Enquirer: 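Let me begin by handing over the structure; questions about it come next.
This is a predicted model, so every value here is computed, not measured.
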Amino acid sequence: QQVDVTVPVAVHIVHAENGTGNVSDSTVREQVAVLAEAFGGGLAGADTGFAFDLTGITRTANSAWFSDFAEHEDEIKSNLREGGAATLNLYIADLGEGVLGQATFPQEYYSDPQNDGVAMSYRTVPGGSQQDFDRGYTAVHETGHWLGLFHTFQNGCTEPGDYVDDTPYEAEQASGCPEGRDTCPNRRGDDPVSNFMDYSDDACMDEFTDGQAGRMGDHWTAFRGEQAQ
Ligand code: ARG
Ligand code: ZN
Ligand code: CA
């Protein structure tokens, strides 16, 4: 089901006491603009019906929190989290070597509301230092999870795949930008390597599908919108 929703975004920057990771306001605004463009179909693919509105930025100088987000996650989130199921809390910190992002799924709000949200490495913001992942699409990918999407390679070549009809099956994650790859030859279509829910480089991804828009809309209605709460 297609929705028309503006999601409030509460950004929480957790940075080192020496300033590492203290992403600027303008970069945060750019990151939210990237979310809006991606979910609006401004690059390619579907207009999902989701818009995003930056409602505030918190800044916390805490080197222990910054450098080991997983270890301090409960403490960080209980101190910083804002709003309810419909507010996207976006935590920016150092998630550890090679970890780009992390997200909770919509249903999880009801067993663990405090944990709800998206975390991303400060290196993955637009113009960040993470090679090949510096356009801000990590936040797009994680927000896809937060709205109920699985990876395009979920369940490999077997049903029900990613539970979305118009994303071709894919045996395993893509890396880099392998255009024309076809890991499920007995299934329709080449691998969806340009989909935000694959693992390709940022430079290679630019779309959600109509089916993904519908699944996110369904999840919004069931778990996050006013009618769900
Ligand atoms: N590996 C991460 C995850 O599974 C994020 C991948 C993001 N990909 C990207 N091109 N930014 O949540
Ligand atoms: Zn993912
Ligand atoms: Ca599919």
Enquirer: Can you tell me if E75 uses its side chain to pair, donor with acceptor, with the backbone of H72 under 3.5 Å?
Expert: no
Enquirer: Might you point out which heavy atoms bring N89 and E82 nearest each other, and give the distance in Å?
Expert: ND2-O, 2.7 Å
Enquirer: For residues L54 and R29, determine if any side-chain heavy atom of one lies less than 4.5 Å from a side-chain heavy atom of the other.
Expert: yes
Enquirer: Which is it for V14 and L80 under the side chain to side chain contact (heavy atoms under 4.5 Å, CB included) test, yes or no, and what are the steps along the way?
Expert: CA-CA 10 Å; V14 177; L80 301 178; 3.9 Å; yes
Enquirer: Are any non-hydrogen side-chain atoms of D191 and D182 less than 4.5 angstrom apart?
Expert: yes
Enquirer: Are the side chain of T209 and the backbone N or O of Q212 linked by a donor-acceptor pair below 3.5 Å?
Expert: yes
Enquirer: When hydrophobic residues are tied together by side-chain contacts of less than 4.5 Å, even through go-betweens, does V118 share a cluster with F50?
Expert: yes
Enquirer: Given 3.5 Å as the limit, does a donor-acceptor pair link the side chain of Q2 with the main chain of D47, or not?
Expert: yes
Enquirer: Among the clusters formed by ILVMFWY side chains lying less than 4.5 Å apart, do V125 and V28 turn up in the same one?
Expert: yes
Enquirer: May I ask you to test the W220-T48 pair for a side-chain heavy-atom distance under 4.5 Å?
Expert: no
Enquirer: Is it true that a side-chain atom of T20 and a backbone atom of A16 form a donor plus acceptor pair closer than 3.5 Å?
Expert: no
Enquirer: Between CE of M216 and NE2 of H219, what distance do you get to the nearest 0.5 Å?
Expert: 10.5 Å
Enquirer: Could you give me the CA-CA distance, side-chain angles and deciding distance for Q130 and Y122, then say whether side chain to side chain contact (heavy atoms under 4.5 Å, CB included) is met?
Expert: CA-CA 9 Å; Q130 186 76 41; Y122 74 97; over 6 Å; no
Enquirer: What pair of heavy atoms forms the shortest contact from D190 to G180, and how long is it?
Expert: OD2-CA, 3.8 Å
Enquirer: If only atom types and distance count, is the side chain of E71 paired as donor or acceptor with the main-chain N or O of D68 below 3.5 Å?
Expert: no
Enquirer: Would you sort out whether D165 and R188 count as a salt bridge (charged side-chain N to carboxylate O under 4.0 Å, His left out), showing the intermediate values?
Expert: CA-CA 11 Å; D165 287 340; R188 175 194 64 80; over 6 Å; no
Enquirer: Is the CD atom of E179 crowded by more than 12 outside heavy atoms at less than 6.0 Å?
Expert: no
Enquirer: Roughly how far, to the nearest 0.5 Å, is the CD atom of Q31 from the OG atom of S26?
Expert: 12.0 Å
Enquirer: When hydrophobic residues are tied together by side-chain contacts of less than 4.5 Å, even through go-betweens, does L147 share a cluster with L43?
Expert: yes
Enquirer: What I'd like to find out is whether the side chain of P160 reaches to under 4.5 Å of the side chain of N155, using heavy atoms alone.
Expert: yes
Enquirer: Do you reckon L149 sits in the same ILVMFWY cluster as Y137, going by side-chain contacts under 4.5 Å, direct or chained?
Expert: yes
Enquirer: May I ask you to check whether Y109 and F223 place their ring centres under 6.0 Å from each other?
Expert: no
Enquirer: Please report whether the ring centroid of F153 lies less than 6.0 Å from that of Y169.
Expert: no
Enquirer: Please answer whether the main-chain N or O of T138 pairs with a side-chain N or O of T124 as donor and acceptor at a distance below 3.5 Å.
Expert: no
Enquirer: Determine the minimum heavy-atom distance between C204 and V193, stating which atoms define it.
Expert: SG-O, 3.9 Å
Enquirer: For residues S78 and Q114, report the shortest heavy-atom separation together with the two atoms involved.
Expert: CA-NE2, 3.2 Å
Enquirer: Any side-chain to backbone donor/acceptor pair from R59 onto V23? Under 3.5 Å, distance only.
Expert: yes
Enquirer: Mind checking whether V5 and F52 have side chains closer than 4.5 Å, heavy atoms only?
Expert: no
Enquirer: Near Q227 CD, under 6.0 Å, is it more than 12 heavy atoms from other residues, nucleotides or ligands?
Expert: yes
Enquirer: Can you confirm whether the side chains of D53 and T6 place a donor and an acceptor under 3.5 Å from each other?
Expert: no
Enquirer: Step by step, work out the ring pair (Phe, Tyr, Trp, His ring centres under 6.0 Å) result for H12 and Y91.
Expert: CA-CA 5 Å; H12 307 291; Y91 301 89; 5.0 Å; yes
Enquirer: For residues Y163 and F196: do they belong to one hydrophobic cluster (side chain heavy atoms under 4.5 Å, members Ile, Leu, Val, Met, Phe, Trp, Tyr)?
Expert: no
Enquirer: Check the pair L88 / T143 against side chain to side chain contact (heavy atoms under 4.5 Å, CB included), numbers first and verdict last.
Expert: CA-CA 8 Å; L88 174 59; T143 301; 3.8 Å; yes
Enquirer: If I compare all heavy atoms of A38 with all of F208, which pair ends up nearest, and what's the gap?
Expert: O-CD1, 4.0 Å
Enquirer: For the side chain of D210 and the backbone of A46, is there at least one donor-acceptor N/O pair under 3.5 Å apart?
Expert: no
Enquirer: I'd like to know if R187 pairs up with E170 as an ion pair, taking the criterion as any Lys NZ or Arg NE/NH1/NH2 lying under 4.0 Å from an Asp or Glu carboxylate oxygen.
Expert: no
Enquirer: With under 30° as parallel and over 60° as perpendicular, where do the rings of H151 and H141 fit, or are they tilted in between?
Expert: tilted
Enquirer: In terms of side-chain heavy atoms, does D116 have a donor or acceptor partner in T104 at a distance below 3.5 Å?
Expert: yes
Enquirer: Is the shortest side-chain heavy-atom distance between Y199 and E172 below 4.5 Å?
Expert: no
Enquirer: How many angstroms lie between atom CD1 of I57 and atom OG1 of T27, to the nearest 0.5 angstrom?
Expert: 9.5 Å
Enquirer: Determine yes or no for a side-chain-to-main-chain donor-acceptor pair under 3.5 angstrom, with R224 supplying the side chain and A85 the backbone.
Expert: yes
Enquirer: Enter the distance from T152:OG1 to D162:CG here, rounded to the nearest 0.5 Å.
Expert: 6.5 Å
Enquirer: With rounding to the nearest 0.5 angstrom, report the CZ to CG distance, F66 to L95.
Expert: 9.5 Å
Enquirer: Say whether, by atom type as modelled, one donor and one acceptor occur between the side chain of H15 and the main chain of G19 under 3.5 angstrom.
Expert: no
Enquirer: Evaluate the criterion salt bridge (charged side-chain N to carboxylate O under 4.0 Å, His left out) for residue pair D94 and R123; output intermediate values, then yes/no.
Expert: CA-CA 8 Å; D94 186 358; R123 300 184 186 87; 3.1 Å; yes
Enquirer: Nearest heavy-atom pair of T221 and A228: which atoms, and what distance?
Expert: O-CB, 3.5 Å
Enquirer: State the CG-CG distance between N195 and D206, to the nearest 0.5 angstrom.
Expert: 9.0 Å
Enquirer: Apply side chain to side chain contact (heavy atoms under 4.5 Å, CB included) to the pair R135 and M205, showing each step before the final yes or no.
Expert: CA-CA 10 Å; R135 296 190 182 193; M205 39 175 63; over 6 Å; no
Enquirer: Between P192 and P168, is any pair of side-chain heavy atoms under 4.5 Å apart?
Expert: yes
